[in-house]
Protein chains: 2
Amino acid sequence: MSQNGAGVDLETSLGYLLKEASSALRAAMEEVLRPLGMSVTHYSCLELLAQRPGLSNSELARGAFVTRQSMNVLLQALERDGYVTRPAKAPVGKALPTRLTPSGRRSLGAATAAVRSVEVRMLAGMTETEQAGAFRILRSMIRSLNDGDGNA
Amino acid sequence: MSQNGAGVDLETSLGYLLKEASSALRAAMEEVLRPLGMSVTHYSCLELLAQRPGLSNSELARGAFVTRQSMNVLLQALERDGYVTRPAKAPVGKALPTRLTPSGRRSLGAATAAVRSVEVRMLAGMTETEQAGAFRILRSMIRSLNDGDGNA
DNA sequence: GACGTTATGTCAGAATACTGACATGAGTCA
DNA sequence: TGACTCATGTCAGTATTCTGACATAACGTC
């Protein structure tokens with residue numbers, strides 16, 4: 001394997017490895033969330049609302065790394081099923097602050113436990129120091145990537 | 001921010017950070033690949049074929065982290081447009097070994113340069129030691145996640 | 001006040017990826 | 001040989017996400 005050095009070399013590419021890790025994490029999360037009838041984006045939305053009540057659709061979209069159009073589709077379903085509430089009229093601007101209902105909070109409970117177990121499993125065998133290093137390194141990557149985004 | 005310790009705590013969650021980094025990388029890749037009329041999966045497929053000629057549809061799917069059904073749709077388009085070739089009959093089993101055409105190789109050239117620049121940008125400000133650490137940590141995460149996949 | 005910029009919510013359509021299902025070929029084992 | 005398991009390619013339908021576009025509200029500058 002890896003008999004030429006012409007390309008990006010998938011065996012040693014940190015980008016490829018990052019994608020692989022993210023893919024494995026997503027698969028593991030989907031596996032534990034499926035029995036609860038919940039997708040990863042679905043869970044992310046609820047978790048965001050639990051930690052930061054009153055987030056708008058656009059803010060939730062940014063937090064869950066999807067477009068605001070996609071998040072809007074999800075929010076409409078969650079609202080219809082009684083997991084979240086949004087005021088009919090914006091208190092300021094156009095942003096509609098969203099909040100969990102008791103039903104939404106209850107639904108989130110089991111999901112949070114399941115997801116936490118996945119995260120614990122992911123960090124198994126890593127020391128505190130290594131986890132801190134991982135945190136710093138990922139932050140560095142994110143910052144470097146976002147720096148040269150659309151501007152100079 | 002982070003006013004309760006009940007949830008996963010997005011501010012300190014390595015899982016969330018991993019998703020954020022992967023999302024940033026994907027966005028950056030899409031940005032540079034779009035002018036070339038190529039998606040990330042599209043590029044991944046071509047790059048895989050360049051480094052490991054003769055990969056089957058299912059193998060390409062695993063390498064690009066999509067289902068074999070999704071990869072098949074892509075492969076049919078790539079074959080129709082003359083970027084890859086597949087034998088009409090499988091030399092052994094059902095697997096059809098896929099290969100890049102000169103046109104496919106040419107198309108990949110510019111994309112590889114663009115993607116490499118993104119990866120270089122991502123690693124900017126990281127020492128060799130840090131990159132090696134990142135590699136080891138990501139590998140550890142992947143292994144831990146895949147260990148308890150479907151079995152015990 | 002008038003204007004331009006930015007951010008937001010929303011609608012519509014297209015692209016992409018997924019799940020489910022089926023038939024086929026190879027390998028294993030009795 | 002026959003039955004079983006597994007991996008593969010493929011078809012069909014569904015679900016999810018995206019891009020493009022529009023109207024509206026807040027902010028800044030003139």
Side-chain angles (χ1 to χ4, degrees), chain A residues 19 22-23 26-31 33-35 37-45 48 54-81 84-99 149-151, chain B residues 19 22-23 26-31 33-46 48 54-81 84-99 149-151:
Chain A
K19 187 174 178 181
S22 177
S23 174
R26 167 168 281 263
M29 286 179 66
E30 276 170 351
E31 189 178 359
L33 288 176
R34 180 183 308 276
M38 208 178 287
S39 74
V40 173
T41 307
H42 187 135
Y43 159 75
S44 300
C45 177
L48 279 163
L55 248 47
S56 72
N57 173 44
S58 289
E59 290 169 325
L60 286 168
R62 281 192 291 268
F65 311 110
V66 297
T67 62
R68 66 184 194 275
Q69 291 91 332
S70 297
M71 182 53 73
N72 197 28
V73 173
L74 174 60
L75 270 188
Q76 284 175 355
L78 291 178
E79 195 171 12
R80 167 174 50 77
D81 297 343
V84 306
T85 52
R86 284 193 288 181
K89 205 159 174 31
V92 59
K94 292 192 68 178
L96 300 174
T98 311
R99 293 185 177 278
D149 212 11
N151 42 3
Chain B
K19 187 173 176 181
S22 176
S23 174
R26 167 168 280 263
M29 287 179 65
E30 276 171 352
E31 189 178 0
L33 288 175
R34 179 182 309 276
L36 283 61
M38 207 178 288
S39 73
V40 173
T41 307
H42 187 135
Y43 158 75
S44 300
C45 177
L46 262 46
L48 279 163
L55 249 45
S56 72
N57 174 44
S58 289
E59 290 169 326
L60 286 168
R62 281 192 291 269
F65 311 109
V66 296
T67 62
R68 66 185 194 274
Q69 291 91 332
S70 297
M71 182 54 74
N72 196 29
V73 172
L74 174 60
L75 269 188
Q76 284 175 356
L78 290 178
E79 196 172 12
R80 168 175 48 79
D81 297 343
V84 305
T85 52
R86 283 193 289 182
K89 206 159 172 33
V92 57
K94 293 194 67 179
L96 300 173
T98 311
R99 294 187 177 277
D149 212 11
N151 42 3

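In what follows, every chain begins at residue 1, and chains take the letters A, B, ... in the order their sequences are listed. Predicted model only: the values in this text are computed from it and were never measured.
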message: Under a 3.5 Å threshold, yes or no: a donor from one side chain and an acceptor from the other, between B:T67 and B:S70?
response: yes
task: Answer yes or no: does a side-chain N or O of A:S58 lie under 4.0 Å from OP1 or OP2 of C:dG9?
output: yes
message: Looking at A:R68, I'd like to know whether one of its side-chain N or O atoms comes within less than 4.0 Å of OP1 or OP2 on D:dT19.
response: no
query: Which part of the nucleic acid, if any, lies within reach of A:L96 when heavy atoms closer than 4.0 Å are counted: base, sugar-phosphate only, or nothing?
result: sugar-phosphate
- prompt: Do the side-chain N or O atoms of A:T67 get closer than 4.0 angstrom to the phosphate oxygens (OP1, OP2) of D:dC18?
  reply: yes
- request: Could you tell me whether the phosphate oxygens of D:dT17, OP1 or OP2, come under 4.0 Å of any side-chain nitrogen or oxygen in A:T41?
  value: yes
field: Whole angstrom value for the distance that separates C1' of D:dT19 from CD of B:E30
entry: 11 Å
message: With a 4.0 Å cutoff (strictly under), does any side-chain N or O of A:S70 reach OP1 or OP2 of D:dC18?
response: yes
message: C:dT10, OP1 or OP2 - any side-chain N/O from A:N72 closer than 4.0 Å?
response: yes
field: Residue met sooner reading DNA chain D from 5', once A:V92 and A:V66 are mapped to nucleotides
entry: A:V66
- line: So OG1 of B:T41 and CG of B:L60: to nearest 0.5 Å the spacing works out to 11.5 Å
- prompt: Nearest 0.5 Å, what's the CG-CG distance between B:N57 and B:N72?
  reply: 4.5 Å
task: Check the distance between C:dG9's P and A:E59's CD and give it to me in whole angstrom.
output: 8 Å
- prompt: Looking only at side-chain N and O atoms, does A:Q69 come under 4.0 Å of OP1 or OP2 in C:dA15?
  reply: no
- request: Report which part of the nucleic acid A:S39 touches: base, sugar-phosphate, or nothing (heavy-atom distance under 4.0 Å, all strands).
  value: nothing
- prompt: Starting at the 5' end of DNA chain D and moving along, which residue's nearest nucleotide shows up first, B:Q76 or B:R62?
  reply: B:R62
- prompt: Between C:dT10 and A:R86, is there an OP1 or OP2 to side-chain N/O distance shorter than 4.0 Å?
  reply: yes
